[in-house]
Amino acid sequence: MASRNQAKPVSAPSSFDLGAFLDSCTTLVNRGLDRFLPKASCKPAVLHQSMRYSLFAGGKRMRPALCFAAAQACGGQMEEAVPLACAVECIHTYSLIHDDLPAMDNDDFRRGKPTNHKVFGEAMAILAGDALLAQAFEIATHARGWPRYSHKDITYELAKAAGSLQLVAGQAADLEAEGKRIAPAQLRYIHERKTSALLCCSVRLGGMSANCTPAQLAALTDFGYHVGLAFQVIDDILDVTQSSEKLGKTAGKDITAQKATYPSIVGLEKSRQIAQRLTQRAFAALKPFQGKAEALEALAEYLLKRDR
Ligand code: GRG
């Protein structure tokens, strides 16, 4: 019998073809982003090149995939969710560009390439991030709008996740915590905001694009929250166990920057158990979908077992 400290293994139905699903998500979101963004030649060309450089640098597209998977779980079509998936990816990319700046995490390497400011300079990288944040809201206006969810609801959802109580709060608290010993509860506060908020928002928006019921939205919120927390614990584990080449970003950065992470506070083994438990909670949240959330289940398992 598993002891209290041992988390049960997590696995999704093996029949689901996650590889094919991820490929179709990437195709849809890349096509959408290319269509919605000003062309690279559009004046000021260097700004649009800078925005496109980071957007198409080879991100894993996990937030769009979660958005599409949530739409499917609620009986919707992936195409309906394209503007929302693109909007979330723009916000995510902006946050990475700004996070890599010398004034923040000061990183030279992201998505397997030199960071935006290394190529375009700091000022242009700041502007590209600013423009991507605004671009997200413009793209979201292309969503159709649904009987239960208007453009106002969608705008609120995106603004809340990106704002000073969520994404930016997480980044501010993360910076403040550098070099300090912090309690696990404060670490949880940071992860909820810096990582989980946008992942949860992606899942909720996917549900909204399928005009989901309030009960479905509550289940998706529970799922997104826990998957989002697990995502960051795994990210922290990978930072100390994988190479920079594998991750496409500088590995071992958390130790150098004296970041508070689960591995630094509770150790690697306990961190893995925490990630497993959070993923089990995410799986449990999908019960109301009665087996129709296969893509979400497969993604939760994949995110737990990922190696980059
Ligand atoms: C600057 C407002 C502002 C926020 C920055 C995104 C972020 C907050 C910090 C970056 C560092 C970090 C650990 C963020 C947590 C979220 C996370 C793990 C991002 C990386 O997401 P992936 O792995 O990246 O999905 P790709 O490149 O694959 O899209």
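In each ligand, atom 1 is the first atom listed, and ligand 1 is the first ligand listed. Nothing fancy with the numbering, it's 1 onward along the sequence. Remember, it's a predicted structure, so these values are computed and weren't measured experimentally.
Against a heavy-atom cut-off of under 4.0 Å, D235 is close to the following atoms of ligand 1: 13 (C), 18 (C). Near Y94, meaning under 4.0 Å from one of its heavy atoms, ligand 1 places the atoms 2 (C). The ligand atoms of ligand 1 that sit less than 4.0 angstrom from a heavy atom of H98 are 1 (C). Contact atoms of ligand 1 toward Q232: 13 (C), 15 (C), 16 (C), 18 (C) (distance under 4.0 Å to a heavy atom of the residue). For ligand 1, the atoms sitting less than 4.0 Å from at least one non-hydrogen atom of K60 are 22 (P), 23 (O), 24 (O), 25 (O), 26 (P), 28 (O), 29 (O), numbered in the order shown with element in parentheses. Atom numbering of ligand 1 starts at 1 in the shown order; those under 4.0 Å from a heavy atom of T195 are 15 (C), 16 (C). Residue R111 approaches ligand 1 through these ligand atoms, each under 4.0 Å from one of its heavy atoms: 26 (P), 27 (O), 29 (O).
With atom 17 (C) of ligand 1 as the reference point, the heavy atom nearest to it among K194, K249, R63 is part of R63. For atom 4 (C) of ligand 1, the nearest non-hydrogen atom from the set G112, G248, S95 comes from S95.
You'll find the side chain of Q232 stays beyond 4.5 Å of the side chain of I190, heavy atoms only. Counting heavy atoms from C-beta on, the side chains of D239 and K249 never come closer than 4.5 Å.
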Quick one: side chains of residues 65-78, donor-acceptor pairs under 3.5 Å with protein atoms, not counting sequence neighbours, listed by atom name and distance.
none

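From the protein, the heavy atom lying nearest to atom 20 (C) of ligand 1 is H92 CE1, 3.9 Å. Counting only heavy atoms of the protein, atom 11 (C) of ligand 1 lies nearest to D99 OD2, 3.4 Å.
Looking at M62 against ligand 1, nothing comes within 4.0 Å, counting heavy atoms.
The side-chain hydrogen bond (donor to acceptor under 3.5 Å, both in side chains) test applied to S95 returns no partner, not counting sequence neighbours.
Residues Q171 and D99 have side chains that bring a donor and an acceptor to within less than 3.5 angstrom of each other.
Of the N or O atoms in Q171, none lie within a sub-3.5 Å distance of an N or O in ligand 1.
Among all heavy-atom pairs drawn from V203 and G224, the shortest one is CG2-CA, 4.3 Å.
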